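Below: the structure, in structure tokens.
What you see is a predicted model; the values in this text were computed from it and never measured.
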Amino acid sequence: MTGHSGRFRRWLSRTRPSSATRSVAREVFLLQLVLVVLLVAAAVVAIVVQSRRDTMTDARHRTLAAAESFAHSWGLQKALNSNDPTAKLQPLAEAARRASGVDALIVYKLDGITLTHSDPRQIGKHVIGPYADAARGKPFTRTFQGALGLSVISAAPVKDSSGRVIAIVSAPVTVEKVQKSVNQQLPIFLGTAVVALALAGGGAGLVSRRLSRQTHGLGPAEMTRMYEHHDAVLHAVREGVLIVGRDGRLLLANDEARRLLDLPTDAEGRQVGDLGLDHRTAELLASDRIATDEVHLAQDRLLALNKRSTSPYGAHQGSVVTLRDTTELRWLSGRAEMARERLRLLYDAGVRIGSTLNVERTAEDLAQVAVPGFADIVTVELLDPVLKGEEPAVAGTEMRRTAIAGLAADHPLHPVGELMGFAPGAAAAGGVDQGRSRVEPDLAGTADWRSQDPERARRILDHGVHSLAVVPLRARGVVLGRVEFWRYGSSPPFDEEDLSFAEELAGRAAVGIDNARRYTRERTMAMTLQRSLMPRGLPDQDALEVAHRYLPAQAGVGGDWFDVIPLPGARVALVIGDVVGHGLHAAATMGRLRIAVHNFSALDLSPDELLRHLDELVTHIDVQDEDAAEATAITGATCLYVVYDSVSGQVTAATAGHLPPAVAHPDGRVEFLHPPVSPPLGLGTGLPFETAELTLPEGSRLVLYTDGLVESRSRDLDAGLEALGAALAGPDSAPEDTCATVMQALLPARSADDVALLVARTRRLDPAHVAEWDVPRDPEAVGTVRKNCARQLADWGLQDVAFGTELILSELVTNAIRYGAEPIHVRLLHTRTLICEVSDGSSTSPHIRQAKDTDEEGRGLFLVAQFAEQWGTRYSSRGKTIWAAQAVGPDDQS
């Protein structure tokens, strides 16, 4: 309406007849000015008349009071009866006159002779006047022409003791004196009138000026035409118009607005909240919020509201609201809104569903994303093979409830985890066994659904559930399960269009569930493979007390591994490694490396030699797999190989790109054993591997670990190694306790890499269980060795194996003297087994051969192999050592 007003004012300004036309404001000002002048003049006249009347009344009262007071004064009768009344009364009368403010106090007898007068010339003269009433004993007041001129005269009788009137006292006040008093007040009246006239004129001017601004200088005819124009527009336009004041009161409503909003007849002037409008509409009308084509529901109409403030266009702050009936667009807009909501829901589903490779979590995301935007309740059931990551052979009617959303804990539906079975073709099964979707708009009228479980069906219906849509979860042509959408209460029943959307939503979710199932299968296979390749238990040995931990990464199974391998000569090898990556390939690679390390350890190689052979093997494997389409190189695998000798307490370590082992001494000191740096396995650099050696006291702890323990996104390697040293420092503790302490202190909340930890506390072999002799290179020395051996075995209580041990030593010492080189050394170790070692300075390796019947030699190692459980050869920088181990019974060990 503001636009209409502006255009109308411009039209009026162009069509004004002449500049002489008086505006409404000017005419109002002149009228107000005339009225003010008349009112002020009338007020002045009224005040003057009233003042004169009040003065005359005051004169009457004063004269009457003066006359009666003097007439009743004490001694007046005595003075009247004296010989010269005038001489006595004239001073008294003059004093009383001056005190009372009258012009004269006249005393005269009944014969009319004046006794006292303010004019001495009048004394003794005969008084003429209306004194008959006073002569009869009644006071009176009159205005008449007397000796002083036109005066107000009051007369009072003077009575003797018998009540007879003996004289009359009169007190006159001239009218001239009264008029003079009024005239003295007249300037004040006129000044007040002038001030009142100026104030009234100024106020009228201000009002006219404000009126001129509000009417924009329009004349009466122009104002009339504008009112007629606005009135015609307001009542003829087919658009509702409301004007609401700042206080939330409805100031104006045209006919169309009353019809659209069904307003009462007395709506104008009332608060908008009291008009019975929709809460949302009333809130908009009462607020200061601007609205543009905002849709509101009024009974069965859909209204488009526009609201703007009137502040820039008028003096009164408020707002104008226009309404249009858009009921015919309701269905179309509703469909568009539903389509928009469905698209948003599909977008949310695409972002949320499948974000985790977990079957149960994906099913929960499907249930939660559809509530409450599409359904009030959503349940998801999956086949048991799908939950296990297996491929479902055929769809069945028995499924396990995996997720539910939209109900409280006391809901009547089957709980999560329960196995559900339905008869083929039933409404609850929904044709899922044939891969078909199904919708039931009215569950109460579906007999086959109610017949499945009548009691539960009754409780579901009592809960308010009335409609069901069942859609199979299909991926790659295979049914994985089903999703059920339920509606209850005031929600509309499902229709075929809803079913199409449910199929689209379920199709997207099925892909995510199938991906999670396949990942679960691969992860299960990888974990199974890893468990089969990892050591299931630690071997029995006396050199180390060992504890270990292994935690797979959140992303799945990785390639971290460890091993404990007993070696001949009361030695133990500790191995730990890390294969880059996760999954089946990492687990398989880890198994290949572990087996290779076991095989190389059987050769009793030194740590550097073993890693060199392992590096060559990895390089060879990568070369062989280069032509495979899906082969992945295992370059980047690391390995740490540590050998501990329980006789000497010596540790020998070599690394292929792995982190250094930590050593916690019994006194609480922690250090890291840093072997010379070598590259990871399989890089083919050709650089040699080197070893580091350290002698440890008994009770020291060797700690081997992978990088997942000390390195993460929030912590660099140096900080992790420092934290590991802090966790190991302090009093000595058992390996199990050490593992728990380290894992608690360093394990990240969500590890992105595998974590492997191996803790071994060292033990020393009792020197009493070690016997050794240097042997000269002389065949005669063999007998001496046999005698020393028999004596030592007798001390250990091992006489039952003395024959076999003497035979083994005889053959080994004889071979060393005959084919070896000095120095020749013999050592017996009494552990779980009896170990015989013969060392010499030669590096030639003996081997068993089949001796002929006619051969006199070649049967020594054959005899050794027959009497020993195991035997072998190991090399060192000083030569070689041939060893043989024999089992000893528990009764024989001391």
Checklist entry - Do Val770 and Leu765 pass the side chain to side chain contact (heavy atoms under 4.5 Å, CB included) test, and can you show the C-alpha distance, the side-chain angles, and the key distance before you say yes or no? => result CA-CA 8 Å; Val770 179; Leu765 185 61; 3.7 Å; yes
Is it the case that the side chains of [Y] and [X] hold a donor-acceptor pair, with the cut-off being a distance below 3.5 Å and no angle test?
X	Y	answer
Arg571	Ser646	no
Arg761	Ser700	no
Asn788	Arg791	yes
His658	Asp578	no
Glu869	Thr833	no

Checklist entry - When you look at CD of Glu722, are more than 12 heavy atoms from neighbouring residues, nucleotides or ligands closer to it than 6.0 Å? => result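 Open.
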Which atoms form the tightest heavy-atom contact between [X] and [Y], and what is the distance?
X	Y	answer
Gly725	Val670	O-CG2, 3.8 Å
Leu640	Ala654	CD1-O, 3.4 Å
Pro607	Val643	CG-CG2, 3.8 Å
Arg763	Asp542	CD-O, 3.2 Å
Ala570	Ile835	N-CD1, 4.1 Å
Cys789	Thr805	SG-CG2, 3.4 Å

When rounded to the nearest 0.5 angstrom, what is the spacing between [atom1] in [X] and [atom2] in [Y]?
X	Y	atom1	atom2	value
Ile565	Leu574	CD1	CG	9.0 Å
Thr784	Trp773	OG1	CH2	11.0 Å
Leu812	Trp871	CG	CH2	8.5 Å
Thr762	Glu698	OG1	CD	6.5 Å
Ser601	Leu610	OG	CG	5.0 Å
Phe689	Asp608	CZ	CG	9.5 Å

Next on the checklist: Please determine whether side chain to side chain contact (heavy atoms under 4.5 Å, CB included) holds for the pair Asp560 and Val579, giving the CA-CA distance in whole Å, both sets of side-chain angles, and the decisive distance to 0.1 Å.
Outcome noted: CA-CA 6 Å; Asp560 290 8; Val579 176; over 6 Å; no
Checklist entry - Parallel under 30°, tilted from 30 to 60°, perpendicular over 60°: which one fits the rings of His769 and His830? => result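 Rings of His769 and His830: tilted, 30 to 60°.
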Checklist entry - With under 30° as parallel and over 60° as perpendicular, where do the rings of Phe672 and Tyr705 fit, or are they tilted in between? => result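 Aromatic pair Phe672/Tyr705 classed perpendicular.
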Looking at [X] and [Y], would you say the former's side chain and the latter's main chain have a donor-acceptor pair under 3.5 Å?
X	Y	answer
Gln541	Ala543	yes
Trp883	Arg874	no
Asp615	Gly682	yes
Asp778	Ala781	no
Glu736	Cys739	no
Arg517	Val386	no
Thr638	Gly577	no
Arg701	Pro666	no

A side-chain contact here means heavy atoms from C-beta on lying under 4.5 Å apart; do [X] and [Y] qualify?
X	Y	result
Leu673	Pro660	no
His613	Leu605	yes
Asp563	Val597	no
Tyr550	Val755	no
Val663	Leu702	yes
Thr691	Pro675	no
Val826	Val813	yes
Thr706	Leu659	no

Considering only NZ, NE, NH1 and NH2 on the basic side and carboxylate oxygens on the acidic side, decide whether [X] and [Y] come within less than 4.0 Å.
X	Y	answer
Arg827	Glu837	yes
Glu711	Arg715	no
Arg786	Glu806	yes
Arg612	Glu690	no

Item to check | Evaluation steps, side chain to side chain contact (heavy atoms under 4.5 Å, CB included), between Leu798 and Gln886 | outcome: CA-CA 11 Å; Leu798 300 179; Gln886 302 176 81; over 6 Å; no
Item to check | salt bridge (charged side-chain N to carboxylate O under 4.0 Å, His left out) against Arg400, all qualifying residues, sequence neighbours excluded | outcome: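 Residues passing salt bridge (charged side-chain N to carboxylate O under 4.0 Å, His left out) with Arg400: Asp384.
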Checklist entry - What do the steps show when you test Thr655 against Ser678 for side-chain hydrogen bond (donor to acceptor under 3.5 Å, both in side chains), and what is the final call? => result CA-CA 6 Å; Thr655 180; Ser678 299; over 6 Å; no
Item to check | With sequence neighbours excluded, residues passing ring-ring contact (aromatic ring centres under 6.0 Å, His included) with His825 | outcome: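 Here no residue qualifies.
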Next on the checklist: The criterion is side chain to side chain contact (heavy atoms under 4.5 Å, CB included); which residues satisfy it with Glu693, sequence neighbours excluded?
Outcome noted: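 Per chain and number, Glu693 pairs via side chain to side chain contact (heavy atoms under 4.5 Å, CB included) with Gln650, Thr652.
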Next on the checklist: One pair to check against side chain to side chain contact (heavy atoms under 4.5 Å, CB included): Val575 and Phe562. What are the steps and the verdict?
Outcome noted: CA-CA 5 Å; Val575 192; Phe562 63 89; over 6 Å; no
